[in-house]
**Student:** 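Dumping the structure here so I can ask a few things about it.
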Amino acid sequence: MKRAQEPDTGPRLHKPDGLDAVRRLEIVRLVGNLYRIAAQHFDCSGDTVPVRFTLRGLAAGQWRLRNGSESLHFNERLFAAAPEQHMPDTVAHEVAHSVVYRCFGRGPRPHGREWRMVMEQLGCKAQVTHRTPPEILAQTLNRHLYRCRCRIHALGPRQHRYAIHGRRSYQCRVCGDRLVPADR
Ligand SMILES: [Zn+2]
Ligand SMILES: [Zn+2]
């Protein structure tokens with residue numbers, strides 16, 4: 001996807017809602033509970049994984065591994081916008097990546113058989129696509145949703161104006177498709 005050079009100066013219609021301390025703590029507790037459930041079925045003991053709320057953009061959650069240290073990252077704006085979509089499923093999704101890594105190492109595919117097995121034991125749907133409803137996603141991020149054949153993209157107001165007036169077209173860097181509005 002080609003990016004416009006200009007900074008995005010579009011109006012911010014929606015304030016960046018975050019999570020208060022209580023809801024953050026709820027997520028941290030849920031992470032602990034999910035590891036405890038997983039430990040009943042898989043050999044996944046290890047250090048407590050730090051939970052951070054610094055994730056921005058389209059992804060609601062992310063499990064990271066850097067220099068052998070794991071961390072879990074959640075997008076507080078998306079959690080605040082649609083908590084019922086992410087509690088517990090998004091949290092379980094990322095914890096399951098960690099459990100797979102601890103049990104099976106780096107071998108298995110990210111959402112392969114092992115990961116689905118862990119999700120099942122955690123009692124959650126093994127879903128890979130976005131859990132935030134597209135309208136809420138667009139509203140929360142003040143972005144316009146576009147799609148290609150492989151994923152959803154979020155364009156800023158300026159890029160969106162260029163795209164709808166045909167002054168510029170944007171391509172997916174992964175599949176090369178031209179982006180079209182997601183509601184079309
Ligand atoms: Zn994943
Ligand atoms: Zn694509």
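Predicted, not measured: the structure shown is a model, and the values here were computed from it. Both counts, for ligands and for their atoms, begin at 1 and track the order of listing. Note that the numbering runs from 1 along the sequence shown for the chain.
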**Student:** Between Glu70 and Arg102, does at least one N-O distance fall below 4.0 Å, as a salt bridge requires?
**Tutor:**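 Salt bridge between Glu70 and Arg102, a charged N being under 4.0 Å from a carboxylate O: yes.
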
**Student:** Do NZ/NE/NH1/NH2 and the carboxylate oxygens of Arg24 and Glu76 come within less than 4.0 Å?
**Tutor:**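 Looking at Arg24 and Glu76, the cut-off is met.
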
**Student:** Flag Cys150 as yes if one of its N/O/S atoms falls below 2.8 Å of the Zn ion (ligand 2), otherwise no.
**Tutor:**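 So Cys150 does bind the Zn ion (ligand 2) by this criterion.
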
**Student:** Using 2.8 Å as the cut-off, note every protein N, O or S atom close to the Zn ion (ligand 1).
**Tutor:**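 The answer is His93 NE2, His97 NE2, His111 NE2.
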
**Student:** If we check side-chain contact (heavy atoms from CB on, under 4.5 Å) with Phe74, which of these qualifies: Leu55, Val28, Ile27?
**Tutor:**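 When side-chain contact (heavy atoms from CB on, under 4.5 Å) is applied between Phe74 and each of Leu55, Val28, Ile27, only Ile27 qualifies.
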
**Student:** Heavy-atom count check: over 12 atoms from other residues, nucleotides or ligands less than 6.0 Å from Arg113 CZ?
**Tutor:**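 Incorrect, the count does not exceed 12.
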
**Student:** Return all side-chain donor-acceptor pairs below 3.5 angstrom for residues 29-37, not counting sequence neighbours, or 'none' if the list is empty.
**Tutor:**
residue	atom	partner	partner atom	Å
Asn33	OD1	Arg36	NH2	2.8
Tyr35	OH	Ser98	OG	2.6

**Student:** Checking side-chain hydrogen bond (donor to acceptor under 3.5 Å, both in side chains) between Tyr146 and each of Arg178, His160, His153, Gln159, which is the one that passes?
**Tutor:**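 Result for side-chain hydrogen bond (donor to acceptor under 3.5 Å, both in side chains) with Tyr146: His160.
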
